[in-house]
Protein chains: 2
Amino acid sequence: MTNARPTLIRIKQDTSLVEKIMNELRFNTRDCGSCPIRHRAVCARCQPDELEQLDAIKYYRTFEAGQPVIWSGDPMEFVSSVVSGIATLSQTMEDGRTQMVGLLLPSDFIGRPGRDAAPFDVVAVTDLTLCCFRKKPFEDMMEKTPSIGTRLLQMTLDELDSAREWMLVLGRKTAREKIASLLAILARRDASLYKKPPHDGMSFELPLTRESMADYLGLTLETVSRQVSALKKSGVIELQGKRRVIIPDLQALVAETGDDVDGAPIT
Amino acid sequence: MTNARPTLIRIKQDTSLVEKIMNELRFNTRDCGSCPIRHRAVCARCQPDELEQLDAIKYYRTFEAGQPVIWSGDPMEFVSSVVSGIATLSQTMEDGRTQMVGLLLPSDFIGRPGRDAAPFDVVAVTDLTLCCFRKKPFEDMMEKTPSIGTRLLQMTLDELDSAREWMLVLGRKTAREKIASLLAILARRDASLYKKPPHDGMSFELPLTRESMADYLGLTLETVSRQVSALKKSGVIELQGKRRVIIPDLQALVAETGDDVDGAPIT
DNA sequence: CGCAGTTTTGATGGACCTCAAAGACCGTGG
DNA sequence: CCACGGTCTTTGAGGTCCATCAAAACTGCG
């Protein structure tokens, strides 16, 4: 609604291109030590010698925004960690109704040791870089390396909690509360990406279209649009262009989610 | 609507009492070998010597129907497996709206190695027997016994998939489809409990009240009641009394869930 | 029998969906 | 530079599914 800065956007694209090239260079050095997700990914607890082994079998893959990574039911030849970018995990019914069941951010793990077929669709929302391991070698390594299994269990338990918290959002919250919940989560995640706590006046890029938001929230895109406008009108959020969200008062946003003030920490 | 058999119900109670006493006797012999959930629980992959160690630190606890097992936020002193009975995992908002996020059946695991506070409320729906381990000794044992961690990872990944499939139910299905989905799941689980595939004409006990069903499905109890009646009127299900459900045609039920015919195997 | 809890049934309203069209944004090509 | 089409978003009007409120029927139990 108030977006008239094509130059700004063009600059953004340039930086992301530079970033992309730098990533290519950085990542392909195979140096796990300088990996940006090193401390949070499935390999977080590995010893130096274990990292070396992983180094030997890992490879990077990139996907452009909008491309599918894997379809539900497909055989999975690899497991992977998200290094940069965002992907969605979703499920579609025959008649086209779709429900997003997860948002995959840097350090999140994709795949299921011990399972052959993918249970859900994975699609790249932004340009995406994955750190991949062929499934069999990874499974073999898991057998011998408890630190991987332990870390994966930890991550899976966390994701299970997140999924269950999201069930409350889907089952019981109003459209307005759903939007507020999603924004609150994105705000928290964005803040944690830059390693500082969320604060009043913070802003972040909204990586999802209205339709994706609707698929995540179990709503229609029209309802999403209306409720975003409503939150803006109430002053709970501000928009810069259509994709950047400003949170003038974090408490006010959290209040709109319907959660306790101490906040369910849906990561 | 067609329930006039108090005698039948009284008999049921008697058998369950007998069963209870027998369980007490059986379980307290501490013999993991004869444990009914031995092959599916977290200990499924343990070697005889590992089982002996678990034997040494395990203890049983029972809860009557309706009793809480643990509240969200409480410190967890123990982890456990459901041996018999059913419990629910749920979440409640300040204003009272509640959402069930899991149904805990025999062999399911309760607790989070590495976490102190319980993330959700656990309540016994029927009389419930748990096989418990104090958390610290269990965690110590997990360190030394990879077969436990591996099995727990497997179970957690399965639960994560189930939770995500349930998100589709909550977010995108109609009330009628939700009811059908719940009944289909209960039918499958009941069949697997007796180790035979679900079949036409099968029947099972409905362990949940209309309100619990509503909390599971993100509906009101009135809507649940209406849709159950509607399914009955369409001949998709039959009722014996208010709690026993007969499935004359399994395909017909699955068709009502909106899922593919090959069926999302929500376990 | 009478009471408390559960379930059913009915009437009404509202939150959200559906259908439709216009507006904003962006890249492309004249 | 502007026209053009494609995609995403907003806005509007109308309809429907389900929630809400209310009361009656049923069940088990003292």
Side-chain angles (χ1 to χ4, degrees), chain A residues 1-13 65-66 95-99 125-126 169-179 205-215 217-233 237 239-245 258, chain B residues 1-14 65-66 93 95-99 125 169-179 206-215 217-233 237 239-245 258:
Chain A
M1 228 171 202
T2 55
N3 188 0
R5 309 197 200 181
T7 46
L8 191 132
I9 286 164
R10 182 141 318 121
I11 287 168
K12 259 218 97 311
Q13 288 182 328
D95 61 9
R97 282 178 280 177
T98 90
Q99 175 65 52
V125 180
T126 64
V169 174
L170 291 175
R172 292 302 187 191
K173 290 197 177 180
T174 65
R176 186 183 176 97
E177 288 170 338
K178 285 179 174 181
I179 301 286
E205 210 63 36
L206 195 58
L208 304 173
T209 64
R210 296 283 181 263
E211 189 177 15
S212 298
M213 292 174 69
D215 285 343
L217 297 167
L219 298 171
T220 60
L221 62 91
E222 294 95 330
T223 300
V224 170
S225 178
R226 277 186 249 268
Q227 295 298 336
V228 169
S229 299
L231 284 176
K232 186 177 140 201
K233 199 167 161 190
I237 59 172
L239 297 180
Q240 237 172 43
K242 229 138 234 169
R243 288 297 182 82
R244 178 155 284 271
V245 181
Chain B
M1 225 173 203
T2 54
N3 188 357
R5 309 199 198 181
T7 46
L8 191 133
I9 285 165
R10 182 143 316 123
I11 288 168
K12 259 222 96 305
Q13 288 184 327
D14 288 346
M93 295 170 68
D95 60 8
R97 282 177 281 177
T98 90
Q99 175 65 53
V125 179
V169 175
L170 291 175
R172 291 303 187 192
K173 291 197 177 179
T174 65
R176 186 182 174 98
E177 288 170 339
K178 285 179 174 183
I179 300 286
L206 195 58
L208 305 173
T209 64
R210 296 284 180 262
E211 188 178 15
S212 298
M213 292 174 70
D215 284 343
L217 296 167
L219 297 170
T220 60
L221 61 90
E222 294 94 328
T223 300
V224 170
S225 178
R226 276 185 251 269
Q227 297 297 338
V228 169
S229 300
L231 284 175
K232 185 177 141 200
K233 199 166 160 190
I237 59 172
L239 297 180
Q240 236 172 43
K242 229 141 233 169
R243 287 299 181 83
R244 178 155 284 269
V245 180

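Reminder, nothing fancy here: chain letters follow the sequence lines and each chain counts from 1. The basis for the numbers below is simple: all heavy atoms, side chains too, and nothing from hydrogens, waters or symmetry mates.
- Distance CG/Leu208(B) to CZ/Arg243(B): 8.0 Å, rounded to 0.5 Å.
- Between Gly218(B) and Val228(A), the residue whose closest nucleotide on DNA chain D is further toward the 5' end is Val228(A).
- Dashed line: the shortest gap from a side-chain N or O of Arg176(B) to OP1 or OP2 of dC17(D) is not under 4.0 Å.
- In this structure, Arg210(A) atom CZ and dT11(D) atom P are separated by 10 Å, rounded to whole Å.
- Taking CG of Leu217(A) as the reference point, atom OG1 of Thr223(A) lies at 10.5 Å (rounded to 0.5 Å).
- Contact between Gln99(B) and Gly171(A) at its shortest, heavy atoms only, is OE1-CA, 3.4 Å.
- In this entry the distance linking CE of Met213(B) with C1' of dC18(D) reads 16 Å, nearest Å.
- Closest contact between the side chain of Leu219(B) and the listed nucleotides dA19(D), dT9(C), dC16(C) involves dA19(D).
- Separating the CG atom of Leu239(A) from the P atom of dC8(D) is a distance of 18 Å, rounded to the nearest angstrom.
- Between Arg97(A) atom CZ and Lys173(B) atom NZ the span is 8.0 Å, to the nearest 0.5 Å.
- Spacing between atom CD1 of Ile179(B) and atom P of dC17(D) amounts to 16 Å, rounded to whole angstrom units.
- Glu211(B) places its CD atom 15 Å from the C1' atom of dT8(C), with the value rounded to the nearest Å.
- Here CZ of Arg244(B) is found 11.5 Å from CG of Leu239(B). Values are rounded to the nearest 0.5 Å.
- Contact check, Ser229(A) against dT11(D): a side-chain N or O comes under 4.0 Å of OP1 or OP2.
- Remark: P of dT7(C) and CD of Gln227(B) are 16 Å apart, rounded to the nearest angstrom.
- Checking dT9(D), dT9(C), dT7(C) against the side-chain heavy atoms of Glu222(B) singles out dT9(C) as nearest.
- Summarising the geometry, the separation between CG on Leu221(B) and C1' on dT20(D) is reported as 11 Å, rounded to the nearest angstrom.
- Between Arg226(B) and Leu208(B), the residue anchored closer to the 5' end of DNA chain C is Leu208(B), taking for each the nucleotide with the nearest heavy atom.
- Leu219(A) CG to Gln227(A) CD: the interatomic distance, rounded to the nearest 0.5 Å, is 8.0 Å.
- Side-chain nitrogen and oxygen atoms of Thr223(B) include at least one within less than 4.0 Å of the OP1 or OP2 phosphate oxygen of dA19(D).
- Atom CD1 in Ile179(B) sits 10.0 Å away from atom OG in Ser229(B) (nearest 0.5 Å).
- dT9(C) atom P lies 9 Å from atom NZ of Lys233(B), rounded to whole Å.
- The minimum heavy-atom distance between Arg210(A) and Val228(A), with the atom names listed, is NH2-CG1, 4.1 Å.
- Taking only side-chain nitrogens and oxygens, Arg243(A) comes nearer than 4.0 Å to OP1 or OP2 of dT9(D).
- Side-chain proximity of Thr209(B) to the nucleotides dT7(C), dT11(D), dA19(D) is greatest for dT7(C).
- Taking the side chain of Ser225(B) as heavy atoms from C-beta on, and the options dG10(C), dT11(D), dT7(C), the nearest nucleotide is dT7(C).
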Report each atom pair, protein N/O against N/O of nucleotides 13-15 of chain C, whose distance is under 3.5 angstrom.
none

